[in-house]
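To start, the structure under review is shown below, and the notes come after it.
Quick note on labels: first sequence line is chain A, next is B, and so on, each numbered from 1.
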Amino acid sequence: MAKEISITLEDGKQKTCSQPINAGEIIKDLNLKKVVAACFDGQPVDLTCPLENSGTLAFITLDSVQGREILRHSTAHIMAQAVTELFPGTKLAIGPAIEEGFYYDFDCPQRFSEEDLIRIEKRMQEIIEQKLPFARKMLDKKSAWDFFRQNGEIYKTELIEELQDGTISLYQQGDFIDLCRGPHLPATGWVPAFKLLSIAGAYWRGSEKNKMLQRIYGTAFASAKELADYLHKIEEAQRRDHRKLGRELDLFSFQEEAGAGLVIYHPKGALLRATLEEFERKEHLKRGYQLAVGPQILKLDLWKKSGHYDNYRENMYFTEIEGEKYGIKPMNCLAHMLIYKSRLRSYRDLPLRYFELGTVYRHEKSGVLHGLLRVRGFTQDDAHILCTPDQLNDEIKGVIKFVQDVMAIFGFDYTMEISTRPEKSIGSDQDWERATNALMLALRDTGLAFAINEGDGAFYGPKIDVKLKDALGRSWQCATIQCDFTLPERFDLKYIGADGAEHRPVMLHRVILGALERFMGVLIEHYAGAFPVWLAPEQVRILTITDAQKDYAQVVESQLREHGIRVSADLRQEKIGLKIREAQLEKIPYMLIAGNKEIAEQKVSVRSRKDGDLGGFSLYQFIDRIKQEIEGKK
RNA sequence: GCCAGCGUAGCUCAGUUGGCAGAGCAACUGAUUCGUAAUCAGUAGGUCAGGGGUUCGACUCCCCUCGCUGGCUCCA
């Protein structure tokens with residue numbers, strides 16, 4: 001008996017349909033193009049999925065965010081089909097769509113090579129040309145488990161075991177069947193453009209205790225042009241890679257004979273770093289922080305007392321002096337607590353904010369090292385705030401504001417998240433809850449959006465993390481705010497309250513830029529090496545036309561230098577075109593050209609890196625201009 | 001740490017089936033005194049990452065170590 005149902009479309013129009021009916025049939029009447037799936041009462045469904053009840057129906061097109069996700073997920077299935085056909089016996093793990101594409105994890109005894117990717121792509125193209133429909137099949141849990149069991153798909157059976165009882169959906173295209181929630185494209189022929197990008201290892205379920213599988217990454221787009229644009233974008237991004245720019249601009253190097261993950265700053269990189277350090281000291285002093293400096297190594301017993309020895313030992317380096325064991329600091333907090341403890345504190349002294357550009361060494365596993373973004377020795381713009389519980393909220397908000405102010409100066413976009421208690425940690429549940437609540441409360445007060453990252457906190461407390469992206473879109477944690485009730489306890493820190501009794505202060509660990517190395521890495525990529533004047537290691541270069549301007553150029557140079565401007569003079573017997581080209585490639589913000597004409601007028605011709613020839617300026621006009629830019633951090 | 005790939009002049013990269021180590025740019029020397037992104041000519045530059053093995057013979061094949069790249073795991 002056909003039942004009548006009422007479907008509300010996106011434009012508000014109502015449609016009465018008699019069952020059986022699916023979204024695909026409704027679309028036929030509407031003459032819509034590029035629709036790949038639908039959204040029924042907010043739930044994504046295939047166009048072929050029967051509509052059981054009345055409800056609202058929206059269509060998902062290939063070029064929407066959701067549509068692209070479905071496209072990529074379906075392409076992952078096509079890749080899996082191609083791989084199982086080309087490499088019989090391959091076991092399938094998981095194959096989701098991700099931010100910029102998709103991947104699929106395979107357990108295959110044969111190692112995939114670059115050439116294999118080409119073969120797989122070719123086979124995928126054939127599957128696409130066959131226009132195989134993606135058919136949804138519903139099975140009960142037991143039958144689904146049996147089906148995959150028979151085929152030796154041990155990863156799929158493991159996944160099924162964790163699903164709730166009831167029916168499970170499988171998708172079939174051609175002879176290939178995969179466990180999947182869906183929805184999918186109507187057929188394989190709907191993939192307009194795709195490319196396989198790379199092969200990588202990945203642990204099953206992301207745990208290093210499990211077997212390592214082979215992951216193939218790829219991406220798919222609604223048109224060949226979009227795919228080409230994406231590939232072009234990646235190429236562009238590689239051009240601003242800080243490792244490449246670091247060498248080209250002579251900022252820093254890593255050298256095999258010095259050791260992996262250890263930065264060697266060349267003069268220009270050291271100058272850039274010094275500029276950041278100077279900026280940091282000023283900004284911290286402005287906000288009521290005090291400077292502190294701790295030693296590079298501290299006795300082992302102190303690291304035992306703090307809990308680092310039990311919880312952070314794998315990341316620490318140790319040494320010994322006359323039979324006494326020492327730990328090389330991986331964090332700066334210990335010395336700051338010792339400063340606090342060095343005398344009796346009153347509630348009137350709080351909050352105390354100790355700031356240190358503290359260099360730490362951590363044993364990072366060899367495989368994770370990555371240019372300046374992940375190193376073994378680095379300097380944090382670290383501070384520890386000791387305050388009363390009442391002051392905590394304001395202090396956290398103050399730090400968040402500090403982060404916002406600084407990121408605005410550099411023009412960074414960032415995301416925030418809160419990380420909660422990890423497995424390996426110290427302190428009572430109650431303290432962890434208090435600390436986590438304090439961070440959330442402060443974040444909510446500022447009205448900022450944030451994600452929650454379960455179990456990713458530091459061993460001594462929960463934290464707010466601020467993440468920045470590199471040129472290729474990978475996220476790196478920079479600023480972090482960590483709330484800690486535990487270390488003050490372990491070190492028996494106290495202050496005398498207004499009531500004359502002893503109380504326990506709370507401690508905030510926090511960094512703003514994070515590690516100078518990592519920050520410089522993302523900074524180089526952010527500006528593509530073309531630093532704003534206030535950061536540029538060389539701000540101005542004077543270029544002479546001929547030897548006749550040598551003396552004049554040197555006078556100009558020394559005058560600029562007296563005004564604190566970082567300047568050099570190119571007095572070589574070379575053509576002006578060459579000098580400009582070289583200065584431009586070195587991304588120097590200003591070139592001052594000195595020829596006979598300029599001497600006669602007692603001027604300089606200013607050429608900006610960005611806007612080219614700006615015409616003649618008197619030296620004072622130019623100094624005014626550049627000083628204003630430096631002052632405004634432009 | 002794990003999986004895969006890679007390592008040739010300062011840089012970017014060629015190097016055939018195992019048979020004398022190559023180019024461009026940079027550097028250096030000389031000439032050129034020039035007006036807004038490359039003047040011309042010449043010279044020099046190599047433990048083919050390091051170590052071991054196979055071979056008459058290894059940049060090339062095999063093993064180990066170091067380092068790098070892309071991921072995974074872990075982190076600022």
Side-chain angles (χ1 to χ4, degrees), chain A residues 103 105 111-114 116 197-217 238 241 243-244 247-248 250 253-261 312 314-315 330-331 358 360 362-376 378-382 419 422 456 458 463 465-468 472 474 476-480 482 509-519 521-522 543-550 572-585 591-598 605-609 612-615:
Chain A
Y103 66 80
D105 287 347
R111 296 290 155 209
F112 301 140
S113 67
E114 296 287 323
D116 291 333
L197 299 170
S198 59
I199 311 160
Y203 298 108
W204 165 238
R205 318 214 93 177
S207 167
E208 59 186 331
K209 293 187 189 96
N210 293 337
K211 184 167 185 183
M212 180 153 278
L213 310 172
Q214 296 189 80
R215 174 174 295 179
I216 300 181
Y217 283 94
Q238 280 161 352
D241 188 316
R243 291 164 298 188
K244 193 172 154 67
R247 185 173 50 241
E248 285 171 3
D250 199 15
S253 63
F254 292 93
Q255 292 179 34
E256 197 174 331
E257 51 190 330
Y312 205 72
E314 304 77 52
N315 290 292
M331 296 186 194
V360 297
R362 296 183 185 175
H363 176 222
E364 301 292 342
K365 290 177 182 171
S366 57
V368 305
L369 300 175
H370 184 96
L372 288 179
L373 298 177
R374 190 81 182 266
V375 292
R376 291 199 172 130
F378 55 98
T379 301
Q380 297 177 299
D381 60 336
D382 205 358
S419 296
D456 217 22
K463 52 184 191 164
D465 288 330
V466 176
K467 297 195 167 176
L468 305 183
L472 282 167
R474 296 173 288 212
W476 297 91
Q477 184 186 318
C478 288
T480 177
Q482 312 177 343
H509 308 240
R510 45 104 292 178
V511 292
I512 304 295
L513 303 184
L516 291 180
E517 286 74 10
R518 177 173 289 182
F519 190 77
V522 290
L543 314 178
T544 52
I545 305 282
T546 71
D547 282 349
Q549 299 91 38
K550 209 167 167 179
R572 293 174 304 164
Q573 288 178 26
E574 294 290 352
K575 289 191 173 175
I576 193 68
L578 182 89
K579 293 185 180 184
I580 288 171
R581 178 181 157 81
E582 288 185 357
Q584 189 76 34
L585 291 174
M591 294 161 240
L592 300 185
I593 292 154
N596 283 334
K597 192 179 85 190
E598 284 75 12
S605 282
V606 178
R607 184 186 167 95
S608 111
R609 168 185 69 196
D613 193 354
L614 300 180

Original post:
In dot-bracket, 5' to 3', how would RNA chain B read with Watson-Crick or G-U wobble pairs under 3.5 Å, [ ] for crossing ones and | for pairs to another strand?
Top reply: (((((((..((((.....[..)))).(((((.......))))).....(((((..]....))))))))))))....
**OP:** Name the closest nucleotide to the A:Val368 side chain, picking from B:rA37, B:rC72, B:rG35.
**Re:** B:rC72
**OP:** Rounded to the nearest angstrom, tell me the gap between atom CZ in A:Arg205 and atom C1' in B:rU73.
**Re:** 16 Å
Original post:
Is there a donor-acceptor pair under 3.5 Å between the side chain of A:Arg572 and the backbone N or O of A:Leu543?
Top reply: no
**OP:** Between B:rC72, B:rU33, B:rU36, spot the one nearest the side chain of A:Thr546, thanks.
**Re:** B:rU33
Original post:
Which one, B:rC75, B:rC34, B:rC3, comes nearest to the side chain of A:Ile545?
Top reply: B:rC34
**OP:** Name the residue closer to the 5' end of RNA chain B, choosing between A:Glu598 and A:Ala479 according to the nucleotide with the nearest heavy atom.
**Re:** A:Glu598
Original post:
A:Thr544 side chain to A:Asp547 main-chain N or O, any donor-acceptor pair under 3.5 Å?
Top reply: no
Original post:
How does each nucleotide of nucleotides 38-45 of chain B score, in 5' to 3' order, for protein heavy atoms under 4.0 Å: base (B), sugar-phosphate only (S), or none (-)?
Top reply: BB------
**OP:** Indicate the atoms forming the closest heavy-atom contact of A:Glu364 with A:Leu369, along with that distance.
**Re:** CB-CD2, 4.0 Å
Original post:
Taking only residues two or more places apart in sequence, or in another chain, which ones meet A:Gln477 in a side-chain contact (heavy atoms from CB on, under 4.5 Å)?
Top reply: A:Lys463, A:Asp465, A:Lys467, A:Thr480, A:Arg518
**OP:** Kindly write out the residues that satisfy side-chain hydrogen bond (donor to acceptor under 3.5 Å, both in side chains) with A:Asn210, not counting sequence neighbours, or none if the list is empty.
**Re:** none
**OP:** Summarise how protein sits on nucleotides 61-70 of chain B as a single string, 5' to 3': B when a protein heavy atom is under 4.0 Å from the base, S for sugar-phosphate-only contact, - for no contact.
**Re:** -----BSSSB
Subject >> Contacts of A:Ala202 that satisfy side-chain contact (heavy atoms from CB on, under 4.5 Å) - sequence neighbours left out >> reply: A:Asp105, A:Arg215
**OP:** Could you please name the option among B:rG71, B:rC74, B:rU36 that lies closest to any side-chain atom of A:Ser605?
**Re:** B:rU36
Original post:
Are the ring of A:Phe378 and the base ring of B:rA76 both nearer than 5.5 Å at their centres and tilted by less than 30°?
Top reply: yes
**OP:** Could you tell me whether the phosphate oxygens of B:rC75, OP1 or OP2, come under 4.0 Å of any side-chain nitrogen or oxygen in A:Arg374?
**Re:** no
Original post:
Among B:rA76, B:rU73, B:rG35, which is the nearest nucleotide to the side chain of A:Arg518?
Top reply: B:rA76
